[in-house]
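The structure displayed is predicted, hence computed values, not measured ones.
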Amino acid sequence: MTSLTCALGPDAAGTLLSRLLRDARARIEAAIYEVGPSYRWELVRAARRGVPVRLVLDAHASDGNAATARELIAAGSECRVAGGQGHAAHGKLLLIDETVAVGTGNLIWRDAPRDRRLRFPPAAVPLAGTREWWATATGSGTLERDVRRAFDTHWDTARRPPEDWSNRAVATVPVVGTPIPQVAPFITSLTARRLRLITGGAAVGAALQALVSTARRLALVTIPYVHPVEPPVRHLLDLMVDASARGVHCALLLGAVPRDPDARVLARLPFEVRRMDPARSTSGHAKGAVIDGSALVSSANWSSAGLGANWETALHIEHPGAAAYYAGAWRRDWETGVGLDV
């Protein structure tokens, strides 16, 4: 049997990931869009105590990635970059010893704050940060092999960090709050065949299409933003419209205020759309869906690149308890959300 842990950010996901990184003994292999100083030192410390570390970062300029690459290489480990030419290495995937971690956020404090003493709720102090979904799995040889194969392929197509990589700061950041209540991770066991790794934006889009097309009861989606005029996004929304027409409870929760043109399109949908409000909870950075008794935890935004050429990662979990855990988080965020301003 495989041990599955589902966790939310800011509640506990950062603490869960930090525990895994600090306990690593055999290897750390990670493909993360962005790694900032609050996690850079975790990787560097692991490398200095002899843990082999391989890290693939996105090649954007640079939000901390340049310093992470430089310091990790200086510590004796390996770092490469991927993306460019209209697409990004946007996945959030780690293999730490025998544990696979797939999530929605970057390894930066805003996306993955941690309790100072690595405690989980309710013992932990409530944390401020973006809403994230994460899942870890230990004990599935099949999933581990799939992750290693996907990572090795990604690594082989990546390249050395550029010599002139800048440390330019990010231009805009979301306003974050402290959602209450904050909850502990959900831990369960399941068979390995109930977990499926998906890599590539187009493949994530196809998985979402298949899930929505066959939904019977509910399709609850949370996503930072939606670009409804982009063909892969429009197709997904059309499938949700069809599902709603056959009696499926569909709803779409955005992580932030949408652009005016997007809001006008979304407001015309025959199912309800809300956005998260950081004044009442926090901003949403999760890319997740609960479809009947399964959940999809993904790095892919609903954009042309996110459901297209980007290197994205997702974990499909067929387990009613896991689906209920993420659905509970979705409903709490929904209840503190507000309607679109159109």
task: State yes or no: are the ring centers of Trp311 and His154 separated by less than 6.0 Å?
output: yes
query: Between Tyr325 (side chain) and Pro320 (backbone), is there a donor-acceptor pair under 3.5 Å?
result: no
message: So for atom CZ, which belongs to Arg160, do other residues, nucleotides or ligands contribute more than 12 heavy atoms lying within a distance under 6.0 Å?
response: no
- request: Report yes or no: do Thr138 and Ser3 form a side-chain donor-acceptor pair below 3.5 Å?
  value: no
Asp97 (side chain) donor-acceptor with Ala26 (main chain) under 3.5 angstrom: yes
- prompt: Would Tyr225 and Trp302 count as a close aromatic pair, with their ring centres under 6.0 Å?
  reply: no
field: Close side-chain approach of Arg54 and Ser77, heavy atoms under 4.5 Å
entry: no
task: Please name the pair of heavy atoms, one in Ile317 and one in Ala322, separated by the smallest distance, quoted to 0.1 Å.
output: CG2-CB, 3.8 Å
Between Ser294 and Glu318, a side-chain donor and acceptor under 3.5 Å: no
- request: Using a 4.5 Å cut-off on heavy atoms from C-beta on, say whether the side chain of Pro179 contacts that of Arg280.
  value: no
query: With distance as the sole test, does Asp292 use its side chain to make a donor-acceptor pair with the main-chain N or O of Ala215 at under 3.5 Å?
result: no
query: Going by an N to O cut-off under 4.0 Å, is there a salt bridge joining Arg40 and Glu42?
result: no
- request: Could you tell me whether the side chain of Asp11 and the main chain of Val183 form a donor-acceptor pair under 3.5 Å?
  value: yes
task: Give, for atom CZ of Arg27 and atom CG of Leu94, the distance between the pair rounded to the nearest 0.5 Å.
output: 12.0 Å
field: Salt bridge present between Glu29 and Arg80 (N-O < 4.0 angstrom)
entry: no
Closest approach of Arg275 to Pro258 (non-hydrogen atoms, all atoms of both residues): CD-CD, 4.2 Å
Qualifying residue for side chain to side chain contact (heavy atoms under 4.5 Å, CB included) with Val226, from Leu266, Asp262, Asn301: Leu266
query: Does Arg216 CZ have over 12 foreign heavy atoms under 6.0 Å away?
result: no
- prompt: If you count the non-hydrogen atoms of other residues, nucleotides and ligands that lie under 6.0 Å from CZ in Arg246, is the total more than 12?
  reply: yes
task: Please examine the side chains of Leu197 and Leu93, heavy atoms only from C-beta on, and report whether any two atoms are closer than 4.5 Å.
output: yes
message: For the CZ atom of Arg234 and the CG atom of Leu307, what is their distance to the nearest 0.5 Å?
response: 12.5 Å
query: Would a 4.5 Å heavy-atom cut-off, applied to side chains only, mark Tyr33 and Glu312 as touching?
result: no
- prompt: Under a 4.0 Å N-O cut-off, is there an ion pair linking Asp146 with Arg149?
  reply: yes
- request: Could I get the full list of ring-ring contact (aromatic ring centres under 6.0 Å, His included) partners for Trp330, not counting sequence neighbours?
  value: Trp334
message: Which heavy atom of Arg131 sits nearest to which heavy atom of Pro10, and what is that distance?
response: NH1-CD, 3.8 Å
message: For the backbone of Trp133 and the side chain of Thr104, can you confirm whether one donor and one acceptor N or O come within less than 3.5 Å of each other?
response: yes
- line: Heavy-atom nearest pair, Phe271 first then Val241, reads CE2-N, 3.9 Å
query: Can you find a side-chain donor-acceptor pair between Arg114 and Thr15 that sits under 3.5 Å?
result: no
task: Kindly say whether Gly321 contributes a backbone atom to a donor-acceptor pair with the side chain of His319 at under 3.5 angstrom?
output: yes
task: Mark yes or no for whether Thr68, through its side chain, and Val35, through its backbone, hold a donor-acceptor pair below 3.5 Å.
output: yes
task: Indicate the atoms forming the closest heavy-atom contact of Lys287 with Pro224, along with that distance.
output: CG-CD, 3.7 Å
message: Which heavy atom of Ala251 sits nearest to which heavy atom of Met240, and what is that distance?
response: O-CE, 4.0 Å
query: What do you reckon, is CZ of Arg49 surrounded by more than 12 foreign heavy atoms closer than 6.0 Å?
result: yes
